[in-house]
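Letters go in sequence order (proteins before strands), and every chain restarts at 1. Predicted model, so just to flag it, every value in this text is computed and none were measured.
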Amino acid sequence: MKKLGRSFFHQDAIKLARALIGTILVHRVRGKEYRARIVETEAYLGPNDLASHSSKGRTKRTEVMFGPAGHAYVYLIYGMYNMFNIVVGKTGKAQAVLIRAAEPLDEWQADLSGPGKLTRALKITRSYHSMDLCGDRLYLLSGSRIRLRIKRSKRIGVEYANEWKDKLLRFYDADSPAVSGNVSCRTRPSNAMLL
DNA sequence: GCGTCGATGGCA
DNA sequence: GCCATCGACGCG
């Protein structure tokens, strides 16, 4: 498994949202290392995409999305949840991929089956906003993609986005119990436990 | 197993 | 006054 570098993140948001499924998110903090396999993402395509925060234009919060790829876009939603996104695509296109769900790896037990639950368990807070993901603190590793079945659907929670609300920009591992809204992830052991 | 609803704070 | 959410509650 190789650390994913800058050029990986320069790909278009749709390609990348798909390519990120099965990769490993690594967070090193206070002497510990948390690793999780990403199983669900959403692509946000830039200022034309009414579901994307970059459609509001450049603000203090969205500024990082207009910069180079491979940085974190983290924001607070509903007063209590942090959303973790990766800035992707060509510089200035203001595209991002939201990381929505993952499976914990190693001996670590956690419920990462939703974007708010994922950041809470992985301890990704707003202090990570604009962090370079090509560093040593929070980064990605290529994962195994054999027998990977990726499905797509409309994005979650963007009903306000007019003609953009139904576009198939959510990607998920069809065989993962940790995909958000999947009831079986609460009644059945995770893939990691079955080994 | 479902639908509904309240929490809670930054942002435009 | 919105929200790229979650979890608790009531139902029958």
Which of these nucleotides, [options], is closest to any side-chain atom of [X]?
X      : options              : result
A:S52  : B:dA12, C:dA4, C:dC6 : C:dA4
A:N85  : C:dT5, B:dA12, C:dA4 : C:dA4
A:L76  : B:dA7, B:dG9, C:dA4  : B:dG9
A:M80  : C:dA4, B:dT8, C:dC6  : B:dT8
A:V158 : B:dA7, C:dA4, B:dA12 : C:dA4

(request) Measure from the ring centre of A:Y78 to the centre of the six-membered ring in the base of B:dG9, then say whether that distance is under 5.5 Å and the planes meet at under 30°. (result) no

From NZ of A:K165 across to P of C:dC3 the rounded distance in Å is 14 Å

Q. Can the ring centres of A:H27 and A:F84 be said to be less than 6.0 Å apart?
A.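 So the answer is no for these two rings.
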
Between A:Y81 and A:K56, the residue closer to the 5' end of DNA chain B by nearest nucleotide is A:Y81

Residue-phosphate contact under 4.0 Å: [X] side-chain N/O, [N] OP1/OP2:
X      : N      : answer
A:Y160 : C:dA4  : yes
A:R120 : C:dG7  : yes
A:K60  : B:dG10 : no

query: Would you call A:S180 and A:R170 a side-chain contact if the rule is heavy atoms closer than 4.5 Å?
result: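 Yes, their side chains come closer than 4.5 Å.
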
Review point. Which part of the nucleic acid does A:G79 contact within heavy-atom distance under 4.0 Å: base, sugar-phosphate only, or nothing?
Key: base

Practice problem: Indicate whether the side chain of A:Y73 and that of A:H53 have a donor and an acceptor atom separated by less than 3.5 Å. | Solution: yes

Read 5' to 3' with Watson-Crick or G-U pairs under 3.5 Å, [ ] for crossing pairs and | for partners on another strand, DNA chain B gives |||||||.|||.

